[in-house]
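Single-structure report; data block below.
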Amino acid sequence: MRKIFTLLLLITSFVTIAQQNPTLPVDPNVRTGKLENGLTYYIRNNGLPENRADFYIAQKVGSMQEEDNQAGLAHFLEHMAFNGTKNFPGKSMLNYLQDNGIKFGTNINAYTSFDETVYYINNIPTTNQQLMDSALLVLHDWSNAIALEEEELENERGVIREEWRTRGGAQQRLWDQLLPKMYPGSKYAKRMPIGNIDVINNFKPEEIRAYYHKWYRPDMQGIIVVGNVNVDEMEQKIKALFSPITLDAERATREYFPVPDNKEPIVAVATDTEARNTSIMMFYKHDPMPEELKNTQAGYLTQYILSAASSMMNQRFAEMIQKPDAPFTSAYAYDGDYFVAKTKDAWTVVAGSAEEKIKEALAAMVRETERVKRYGFTPSEYEIARTNILKSYENAYNNRDKQRNSAYSQEYVRAFTDGEAIPGIEFEYRFMQSMTPNIPVEAINQTIKQLIGDENIVISVTGPQKEGLVYPAEEELLAVLDAVKAETIEPYAEQVIEEPLVTSPPTPGKITKEEKDAALDATVWTLQNGMKVILKNTDFKDDEIRMTGSSVGGYSQYAIQDPVNSKLMNAVMKLGGVGNFSATDLPKVLAGKTASASPGISLITQNFNGSSSIRDFETMLQLVYLYFTAPRKDNDAFQSYLQRMETQLRNQEAEPMVAFSDSITAALYGDNPLAVRIRVADLKQLDYDRIMEMYKQQFSNPGSFVFTFVGNIDEEKVRPVVEQYLASLPGQAVKGEFIRVPMNFKEGETNNIFKREMQNPKASVFNTFTGKVERNMKNQILMSMFDQILDIVYTEKVREEEGGTYGVSSAGAISRYPEGQTILQIMFDTDPEKMAHLNEIIYNVLKEIAANGPRETDFTKVKEYMNKSYNESLKENGYWLNVLDTRYFYGEDTYTNYIETVNAVTPGEIKEFAANLINQGNKKTIVMMPKVNE
């Protein structure tokens, strides 16, 4: 607490704040209130997506409210909210919502953490008043009327067991080891939300009912409604529906459990035989900002200072990682919650490391932290960080009338659960514009000096457990800490960049042809070099332009003779940055700009993707111009990449799911070198010079590209920019060359059940049907409907009725290349004892649909969802970017008559589609079972 007060005094000494430290306003666009029973509500009218609304109920209750004999009840209760309430018995809630296009898992979901539980129903059509009222009624029932019927409780035990089984991998076990060491004397040590499997299996129904009635109560609940709603009417409905809920006079106190301080450093080491990566975390704990200061101007500026410090520290880490023999493979720093605890904050440094470099990596983490503590950041570093932060506020302000409901919904959830300020972007933008110029770098430096102390230090190390690998003992890690603190550390050697992105702008070229596409409301320019440029002006965002560029060829012509360089080309070709700037210098040059552009390559195409604000459109095209004309090599960055990749790949085989993935790949593709994963030995074949030669060849003809721009585009303003940076490029109207390479699926049937040693015994099942289906709009719609119907049926039959899995995932696709190659895949994890029975259900469902078609109710749910999603997509720049790129590059029309085609589909057509695919005879079943030691 003392450090935070010192920080606030420090800030107010740099900034003159009227009335010493005024409270921040509440955004006038959100209606907030509290009922007599203590329930809090937030209501906001918002127009994106159009005619949609989000409904949330946040509970200030999580696993921390459990006693030892209740571990897992908070999470279990979250599941039960979907299994029957007073007004929606059984599965009627989900059925009703899905009948109206609200998809379970996508639009209806929830999560439980240590200190809160949050439920939501999003993208509700506001044109359907009955549905809107029902959504509010669902929140009401979640708040105090979950049925918790005994039969449903017993059924859900199986689902929770399978979620525990699916999620109980190496990461879960590492956390189970870490938390007791990191939180000695704190309840956080043993409250993982997934809970205790013995409690899950054996608690009595009256125990979870008692927990529900004890903790789900209005004084700890927040209702959030955001969307195209009448705020006055919604407020009255909330008051009418939720005010009758009573608050017991005798009620339990909601306690936020403390995290004790530690004078001597705490060291926590955790290993697992299935862990693949080594990670080091270093925490400098401090008290969080007091609640009464969070919503003040000084509190808000404190968050700005911490954000700026994190940004500058991470830029330094990025520069280190790009050097050969870097001490870590990744590193970043931030100030926030101490790992999982809300009652303690920490300046946190996280790094990935090679397993033999743990002490070296820790030394570098401590050294860079000490360097900042002793010398602080430089004025030029701070200028870049401040400029970027202000730019982010400017972007939000410019698009303030085009924010999605979800942005506000989640902000108000945090306001309720964490006390986050919600002054609104108008206030935030003006406040930051006026205040941050008065906060000098000294304020940042003194803040960091206050936070990085000699007490309350925690060091954690996690990594693989294997023969011959010995981790540093606690004494060794503490010795590293002491030794580095005793070093003579030099100040940061800064490289200031003042050179412009493009030093000599090219002479503009010409637009030789202009056309209008009335159907898609787009403009088509043909440039003198043959390049096509498609532009579509939209008002979906006030200050956004999205870009994509596509050309035929990809790495296909290199794939057969050079598969390793081909598959890694996409990552390696961008390592060096562009023009005169390394990958770590480029962000400095782009400081204060909202512009990005990056090349990519796949088997079939080479491409660009990017986005910008209106003002920085030129910068985005400058980047494209440089990637065409001045790709940059950086041998140091390449060597660093090799070392990082080796570290990343070294322990792949420790994770059982890697063996499962390998078996799937072998079943589908055999030993095709273009399909198998990259291994450590493959890195020896990487040739940086060759990859850059391949890059230059594939991007040598800009005239082969089709560029598409969608957003707030003024054609006359972007015209000279397009002429200068795209039309000026040398090129010809000649398509790139695509070389056909073997990527066909293996035909016939495969049944591979194999065993693998694993810490958490489970059966992982992959079923697939492959074949040939013509790729057209109708068949793609049929495939999408088919796999969505399967998701509904499998959730009912395998998850709910059998309690056999946490979830079954169905996915289908029809490829462009190989032409018409089609795949339906179905995956799930389960108890090994249940595998055969559940997989029989999987196949029986497929046979039933192929023989008799889908159930009418499932078919209707999917069609409603697709209609709803389509109407939402029409107001998205990303949707139109894809439609136009697909039309002008691939020659496929995915827009005209799309929704008419969806609505014309019959269950009989899905039946025929399913039967055609399944009856082609290419069925493969891959199952990984646990190896049991006899």
Is it the case that atom [atom1] in [X] sees more than 12 heavy atoms from other parts of the structure closer than 6.0 Å?
| X | atom1 | result |
| --- | --- | --- |
| E151 | CD | no |
| Q759 | CD | yes |
| K834 | NZ | yes |
| E206 | CD | yes |
| Q129 | CD | yes |

Is the shortest side-chain heavy-atom distance between [X] and [Y] below 4.5 Å?
| X | Y | value |
| --- | --- | --- |
| M132 | I124 | yes |
| P218 | L35 | no |
| I841 | E802 | yes |
| Q98 | E864 | no |
| I108 | M93 | no |
| R157 | H79 | no |
| V808 | I842 | yes |
| I223 | Y56 | no |

Nearest-0.5 Å distance that lies between atom [atom1] in [X] and atom [atom2] in [Y]:
| X | Y | atom1 | atom2 | result |
| --- | --- | --- | --- | --- |
| D219 | L39 | CG | CG | 9.0 Å |
| I200 | F76 | CD1 | CZ | 7.5 Å |
| E156 | N83 | CD | CG | 4.5 Å |
| N228 | T127 | CG | OG1 | 9.5 Å |
| Q303 | S307 | CD | OG | 8.5 Å |

Would you verify whether the NZ or CZ of R191 falls within 45 degrees of the ring axis of F114 while also being under 6.0 Å from that six-membered ring's centre?
no
Kindly confirm or rule out a cation-pi arrangement of K285 over Y338, judged by NZ or CZ under 6.0 Å from the six-membered ring centre and within 45° of its axis?
yes
salt_bridge([X], [Y]) N-O dist < 4.0 Å:
| X | Y | result |
| --- | --- | --- |
| K762 | D829 | yes |
| K868 | E872 | yes |
| K294 | D418 | no |
| K214 | D248 | no |
| D337 | K344 | no |

T23 and N295: side-chain donor and acceptor closer than 3.5 Å?
no
Ring centroids only, cut at 6.0 angstrom: are Y120 and W142 within range, meaning strictly under it?
no
Can you check whether Y216 and Y211 have ring centres sitting under 6.0 Å from each other?
no
Below 30° counts as parallel, above 60° as perpendicular, anything between as tilted: where do the rings of Y408 and Y412 land?
parallel
Taking the six-membered ring for Trp, are Y42 and F416 parallel (under 30°), tilted (30 to 60°) or perpendicular (over 60°)?
perpendicular
Of the options [options], which is the one that meets [X] in a side chain to side chain contact (heavy atoms under 4.5 Å, CB included)?
| X | options | value |
| --- | --- | --- |
| R173 | N760, T462, L178 | N760 |
| V138 | I121, N87, I57 | I121 |
| N123 | T106, I102, N107, N51 | N107 |

Where Q65 and Q70 come nearest, the two heavy atoms and their spacing:
O-OE1, 4.0 Å
Which heavy atom in I146 sits nearest to a heavy atom in Y212, and how many Å separate them?
N-OH, 3.0 Å
Consider salt bridge (Lys or Arg N to Asp or Glu O under 4.0 Å). Of E149, E796, E801, E152, which one does K91 pass it with?
E152
